[in-house]
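Since this is a predicted model, take the numbers as computed values, not measurements.
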Amino acid sequence: MSFPPFFRFNFRHFLHSRFLKPINFIKPSYSTYVPIMNTQIKTIDPSTIHFYSQDIEDPKFSVSDPNTLSILKEAVELLKQDNVISIPTETVYGLASNALSLNSIKKIYAVKNRPADNPLIVHVSSLKMLRALLPKNNNNFGEIPEIYEQIIKKFWPGPLTILLPKSLLIPSEVTCNLSTVAVRFPSHPISRALISLCEFPLAAPSANTSGKPSPTLASHVFTDLNGKIPLIIDGGQCNFGVESTVFDAIGSHGPVILRPGGITFEALYKMPGMENLRVYKKDFVDKKLEMGPTTPGMKYRHYSPDAEVILVDIDDKHKSRDVMDREIEKIRKNGKLTIGILATGTSYISSKEEYENNKSLSQGIIEYTLGDSMHPEQIAKELFKGLRHLDECNVDCIIVEGIPEEEEGLAVMNRLRKAASRIINE
C-alpha cells in the first residue's frame, strides 16, 4: 500500500532531529496557525531599478520596466494589508512585513515557526525613515548616535545591522521587549525600492522555516514556505549568501560584533574608534546576553539541514582530508550509505588517487564544491545553497571542511558551528 508524500515517514530524519541534534528550550511563537494560500513567484530584474545618486538621506529612484513596477506595486498593496511576502536582499531572501504593525509581526513568527524571544531586524530605505523611528530629542528630532555616523557613511546601504535605541513606534514584539532595536539599510535595489514605495520600514528575517539553512534563491523560499505566503519576488541568487553583520556600539560590551556577516571584522576594525572591537563568542561570552538576545542568531540552533552535519575544523589541509577519510569509513561501517561533502578548494573526490583508480569507492559520495578557501566570499555565497542541495539529494550525513576565520571566513565558520551536530578539530 502506498501513501501520499506527506504521510511518508522518514525514520532517518526523525532519528537525527530527535536524538542527535542538541535540544534548545524554545519559547513558542505567537501562533502556530497559518492559513493555506496560493504562493506565486514573480521575477524582477534588479537592473531595471536605478537609484540616482549615493545620497542615503532620502534617495530617489526610477524603474525602467513596467513589469517591475507592476510587481512592486502589488507587493506594496500586500504589505499594506498586513501580509508577509518574501523579497530578495543582498544577504539572503527575507520574509518581509510592516515593521510597525503588530498583526504583521505576529504573522512572521507564525509563518517561520520562530521562537517568540528571537528579535527581528528592521529594514529602512533612507536615513530620513530611520530618524523617524528613533526616540525624539528636545527638538523633537530622532538622533543617530554619533559613534555610528562614520560607520553608516562607509557601509550603508549594505549588509550591516546596527543596534539603536528603540522608540514606542516599534512594537515590543519586534525587539522582544528590549530597549534596543536592530536596524539595517539594505543595498539590494528590489528591497530598497519596495521599502521606499511602502513608506514604512519592513521587518525581514530570513524567509525559511526557523532553524533551516537560510534561502539564497527564490526556489529555497518556495520549498520552505509554499502555501504559507502569497508572494515570492525572485531577484536571482543573493550576492553575499550569509546574513548581515550585527554590530553594537552603544551597549555595555561595545563596540562588538554580535553576529559576523557580510561586513567583515577587518573592515570595521579599520574605522575610527574601533581599535577595541571584539567578536561575541570568539573574544567574550555573556550568558545573560544569550538568554535575552538583542539580535537574531545568538540563542537558538540555526542553519541546520535535515541531514547530520559534521564539521572538520582543522587548519592543515592534508590532515583535514585524512580525518575526512576516517570519518567516511566510520560512517559507512555504521550503515549510512549516502554521504554529502561540502569541499573547499580542490575537489575531495578528484584529490583521492584511490578513488580515481577505483571508481566504486566514490559511489555513495555526493560532493558540492563551495569555492576556494583563499576567497572566503565565494564560500559564503555558496554555503547555504550547498547545504540545501545535499539535503535535497537525501544524503545520510554531510561532512564540511572548515576554513580560516579571516574576512568572510569568520561568518562562514559561525554558521557552520551552529549547523553542526559534531565538530572535529583535532
Check: S104 and F200 side chains under 4.5 Å, non-hydrogen atoms:
no

Answer yes or no: is there a side-chain heavy-atom contact under 4.5 Å between L194 and V76?
yes

Hey, can you tell me if Y368 and H389 have their rings parallel, tilted or perpendicular (30° and 60° cut-offs)?
tilted

Test item: I331 and N334 side chains (from C-beta on) under 4.5 Å apart, heavy atoms
no

Should E408 and K381 count as an ion pair when the cut-off is N to O under 4.0 Å?
no

Is it the case that more than 12 heavy atoms not belonging to D315 sit under 6.0 Å from its CG atom?
no

Should the pair K282-E405 be classified as a salt bridge under the 4.0 Å nitrogen-to-oxygen rule?
no

Distance from I398 atom CD1 to L387 atom CG, nearest 0.5 Å?
5.5 Å

Trace of the side-chain contact (heavy atoms from CB on, under 4.5 Å) decision for S97 with D82
CA-CA 7 Å; S97 77; D82 281 351; over 6 Å; no

Report yes if the side chains of C393 and T338 come closer than 4.5 Å at any heavy-atom pair, otherwise no.
no

Would you say I152 and F185 make side-chain contact, with heavy atoms under 4.5 Å?
no

In Å, rounded to the nearest 0.5 Å, how long is the span from OG1 of T175 to CG of L120?
9.0 Å

Okay, side chain of Y109, backbone of E173: is any donor-acceptor separation there less than 3.5 Å?
yes

Between CG on residue L178 and NZ on residue K166, distance to nearest 0.5 Å:
9.5 Å

In R184, R415, K418, the residue satisfying salt bridge (Lys or Arg N to Asp or Glu O under 4.0 Å) with E243 is R415

Is I379 close to H375 at the side-chain level, that is, under 4.5 Å between some pair of heavy atoms?
no

With a cut-off of under 6.0 Å to the ring centre and 45° to the axis, is R192 in cation-pi contact with F61?
no

From the list N208, T209, N118, side chain to side chain donor-acceptor pair (under 3.5 Å) partner of K112 resolves to N208

Can K330 and E327 be counted as an ion pair, charged N to O under 4.0 angstrom?
yes

In terms of heavy-atom contacts, F247 and L277 come closest through CE1-CD1, 3.7 Å

With no hydrogens and no angle check, is any side-chain donor or acceptor of R388 less than 3.5 Å from a backbone partner on P213?
yes

What heavy-atom pair brings T39 and G227 nearest, and what distance separates the two atoms?
OG1-N, 2.8 Å

May I have the step-by-step check of side-chain hydrogen bond (donor to acceptor under 3.5 Å, both in side chains) for S244 and T91, ending in yes or no?
CA-CA 6 Å; S244 63; T91 56; 5.9 Å; no

Between H253 and F284, is the ring centroid distance below 6.0 Å?
yes

Does K212 form a side-chain hydrogen bond (donor to acceptor under 3.5 Å, both in side chains) with S206? I'd like the steps, not just the answer.
CA-CA 10 Å; K212 296 296 182 185; S206 55; over 6 Å; no

Looking at every non-hydrogen atom in both residues, tell me the closest pair between L69 and V63 and how far apart they are.
N-CG1, 3.8 Å

Could you walk me through whether L258 and L163 pass the side-chain contact (heavy atoms from CB on, under 4.5 Å) test, one step at a time?
CA-CA 10 Å; L258 296 174; L163 261 60; 4.1 Å; yes

Side-chain heavy atoms of D313 within contact of L416, under 4.5 Å
no

Polar side-chain atom of E90 near backbone of H188 as donor-acceptor pair, under 3.5 Å
yes

Residue pair V92 / P215: nearest heavy atoms and the distance that separates them
CB-O, 3.3 Å

Using a 3.5 Å distance criterion without hydrogens, assess whether the side chain of R321 forms a donor-acceptor pair with backbone atoms of D316.
no

Evaluate whether atom CE of M37 has more than 12 neighbouring non-hydrogen atoms of other residues, nucleotides or ligands under 6.0 angstrom away.
yes

Determine whether a donor-acceptor pair (N or O, by modelled atom type, separation under 3.5 Å) exists between the side chain of T369 and the backbone of A343.
no

Side chains of S47 and D45 only: does a donor on one sit below 3.5 Å from an acceptor on the other?
yes

Is atom NZ of K317 surrounded by more than 12 heavy atoms (other residues, nucleotides or ligands) closer than 6.0 Å?
yes

F155 and side chain to side chain contact (heavy atoms under 4.5 Å, CB included): which partner among I162, T245, L160?
L160

Do any N or O atoms from the side chain of D283 and from the backbone of V279 form a donor-acceptor pair under 3.5 angstrom?
yes

Decide side-chain contact (heavy atoms from CB on, under 4.5 Å) for E401 and L370; before the verdict, give the C-alpha distance in whole Å, the side-chain angles of both, and the deciding distance to 0.1 Å.
CA-CA 10 Å; E401 283 187 295; L370 294 172; over 6 Å; no

Please round to the nearest 0.5 Å and tell me the distance separating atom CD1 of I403 and atom CG of L410.
9.5 Å

Does M374 offer a backbone N or O that forms a donor-acceptor pair with the side chain of D372 under 3.5 Å?
yes

Distance-only, no hydrogens or angles: does the Y93 side chain make a donor-acceptor pair with backbone N or O of G235 under 3.5 Å?
yes

Interatomic spacing from CZ in R326 to CD1 in I328 - rounded to 0.5 Å:
11.5 Å

Could you walk me through whether S125 and S196 pass the side-chain hydrogen bond (donor to acceptor under 3.5 Å, both in side chains) check?
CA-CA 6 Å; S125 60; S196 295; 3.3 Å; yes

How close do I195 and P186 get, heavy atom to heavy atom, and via which atoms?
CD1-CG, 4.1 Å

Can you tell me how far apart CD1 (I147) and CG (D248) are? Round to the nearest 0.5 Å.
9.5 Å

Would you check if S191 and H123 make a side-chain contact, meaning some heavy-atom pair closer than 4.5 Å?
no

Intermediate values then yes/no, side-chain contact (heavy atoms from CB on, under 4.5 Å), L100 and L133
CA-CA 10 Å; L100 307 183; L133 300 176; 3.9 Å; yes

To check you understand the geometry: which heavy-atom pair defines the closest contact between V412 and P376, and what is its length?
CG2-O, 4.3 Å

N/O donor-acceptor pair under 3.5 Å between Y280 side chain and V256 backbone:
no

Please determine if E266 and K270 form a salt bridge, counting it only when a charged side-chain N lies under 4.0 Å from a carboxylate O.
no

For L79, is there any backbone N or O sitting under 3.5 Å from a side-chain donor or acceptor partner on N98?
no

